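Worksheet: one structure, shown below.
We name chains A, B, ... by the order of the sequence lines, and we start the count at 1 in each one. Small disclaimer: the values here were computed from a predicted structure and weren't measured. What's counted below: heavy atoms across the whole structure, side chains too, no hydrogens, waters or symmetry copies.
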Protein chains: 2
Amino acid sequence: MAPLDPDTARTRLLDAAEDLFYARGIQAVGMDDIRGGSGVSLKRLYSLYPAKEQLVEAYLQRRDVRWRGRLAAFVEQVDDPRERVLAVFDWLGTWFREPGFRGCAWINGHGELGATSDVVARLAREHKLAFADYVAGLVREAGLPEALAPQVFLLAEGAMVAAGILGTDAPAAQAHAAAEVLVSSFAA
Amino acid sequence: MAPLDPDTARTRLLDAAEDLFYARGIQAVGMDDIRGGSGVSLKRLYSLYPAKEQLVEAYLQRRDVRWRGRLAAFVEQVDDPRERVLAVFDWLGTWFREPGFRGCAWINGHGELGATSDVVARLAREHKLAFADYVAGLVREAGLPEALAPQVFLLAEGAMVAAGILGTDAPAAQAHAAAEVLVSSFAA
DNA sequence: CTACGGGGAGAACGACCGTTCTCACATCCG
DNA sequence: CGGATGTGAGAACGGTCGTTCTCCCCGTAG
C-alpha cells in the first residue's frame, strides 16, 4: 500500500467527515467512523487534525465554501436581477430534493454544539451572516430597498428548518411565493 | 429527609431537565446533572423515567404545552383578527429577549438528535405541525387566504433560527414587517 | 546490507456516562 | 417489638469515545 500524500488524505478525510457528520450529527460520529469511512489511518488523521474539533472546523469551512458556491452558480444563471432574488428559493428547492437532505448543517450543528463549542457557534454565525450578506447583495443589485434583504433571508432560513424537520420540499415553493409578494410590493 | 411524593419529584425533575437540556443541549447533560439540579435521587429518577430518552420525551412534551400556551395567551390579548396574526411576531420578540434564550428547543433538539432518535424527530415534527396549524387558524379567522399561513409560519421559523444563531432579537421585527406586507397585500 | 524514520493496524488508556447494585436506615403494619 | 418495604447516597459496572501507544513493516540513504 503506497503511503497517501497529505493532500489526498485530507480530501478523503473531509469527504468522510462531511458524509458522516451531516448524516448522523457530529457527536454521533466517532473518530473511528471517520477512519473507516476515509481509509486513512488514525495516526495520520491525528497528524493532520490533532483534535476532533479541528476536523469539525475544517468540515464546516469547506462545506461553507461549497454551499455558497453552488448557490451563487445557480443564481448567476438567471439574468433578471429581480428574478435572481427569487432564484434563491428555486435553489433551495433543488437542494431539499437531494437524497440525504437533512436540513442545514450549521443550524443542526448549532443546535447540537452551539452551547458547548465556541468554534461551532462562531462558524454558524459566520455562515449565516455570509448568506444574509449575499442575499442583501442580490436585493441591492435588483434595486430593491434594503429592508427587503433580512425578510428574504428569514424566509430562506425558515424554509431550511421546515424542510429539514418536516421532510418535505414544499417550504421552498411557499417561501418563493412569499418572497414574490414582498418583491412585487415594491414594483415600480 | 421526608420522602418526596411522586408528583413533586416529577415536577422537580422536569424543571431541572428543562433548564439543563435547553441551556446546554441534551447530550451535554448527564443523568447525574439532572439529579444534582433536581435534588431527586438517581434511584427515584429511574423509577419515574426508566431511561434518559423518556425524560427527554417528557421534557419536550411539557415544554410544548407551555410554549404554545404562552403564545396563545399572548395572541388572545389582541382583538383584531388580522392583528392577531402579526402578534405572533411580537410574542417572538418578547421570547427572544428573555435571558437565557438559545433558540427553539425543537429545532435544536432535531439538529442534535433528529438523525439518531426517532422520538425526538417525531416530537419536533409534531411540535412544528401544531405551531403551523395554530398559525393557519389565525389566518383563517382573519379571513385571509390559506396560502398565507405557511408563509407566516416560515417567517416565524426563520426568525427563531436567526435569533438563536445570531443572538439578536432583530429578526422578530424584521419578520413582523414582512408579515405585515404579506397580510396587507390581501387587504380589501 | 543495514540502520532508521515514517506509516499502517489496531490495542490500550483514561475519562465520561447511562444504568444498576449495595448497604444502611427509616417507616409502617402485624 | 420485629421484620418487610422502600428510599437515599453513592459506589460499581459496562460500554463508548477521544486520544495515544506499541509493534511491525517498508522504503531509503549511507
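The neighbour count for B:Asp118 CG, taken as heavy atoms of other residues, nucleotides or ligands under 6.0 Å away, does not exceed 12.
Looking at the side chain of A:Lys52, the nearest of the listed nucleotides D:dG18, C:dA9, D:dA9 is D:dG18. Listed candidates were D:dT19, C:dG7, D:dA9. Nearest to the side chain of A:Arg44 is C:dG7. Closest approach to the B:Leu42 side chain among D:dA9, D:dA11, D:dT20 is made by D:dA11 (side chain taken as heavy atoms from C-beta onward).
Atom-to-atom distance recorded for A:His176:NE2 and A:Leu92:CG is 10.0 Å, nearest 0.5 angstrom. Note: B:Asp19 CG to B:Arg24 CZ = 10.0 Å, rounded to the nearest 0.5 Å.
Under the 30°/60° scheme for interplanar angles, the aromatic rings of A:Trp91 and A:Trp67 are found to stand perpendicular.
Remark: B:Arg63 qualifies as a cation-pi partner of B:Tyr22 under the 6.0 Å distance and 45° angle criteria applied to the six-membered ring.
Proximity of A:Lys43 to the phosphate of C:dG8: no side-chain N or O atom is located under 4.0 Å from OP1 or OP2.
A salt bridge does not link A:Asp15 with A:Arg12: none of the charged nitrogens is closer than 4.0 Å to a carboxylate oxygen.
Remark: C1' of D:dC13 and OH of B:Tyr46 are 13 Å apart, rounded to the nearest angstrom. As rounded to whole Å, 12 Å separates atom P of C:dT20 from atom CG of B:Leu45.
For the segment residues 10-37 of chain B, the set of residues with a heavy atom within less than 4.0 Å of an atom of DNA chain C comprises B:Val29, B:Gly30, B:Met31, in numerical order.
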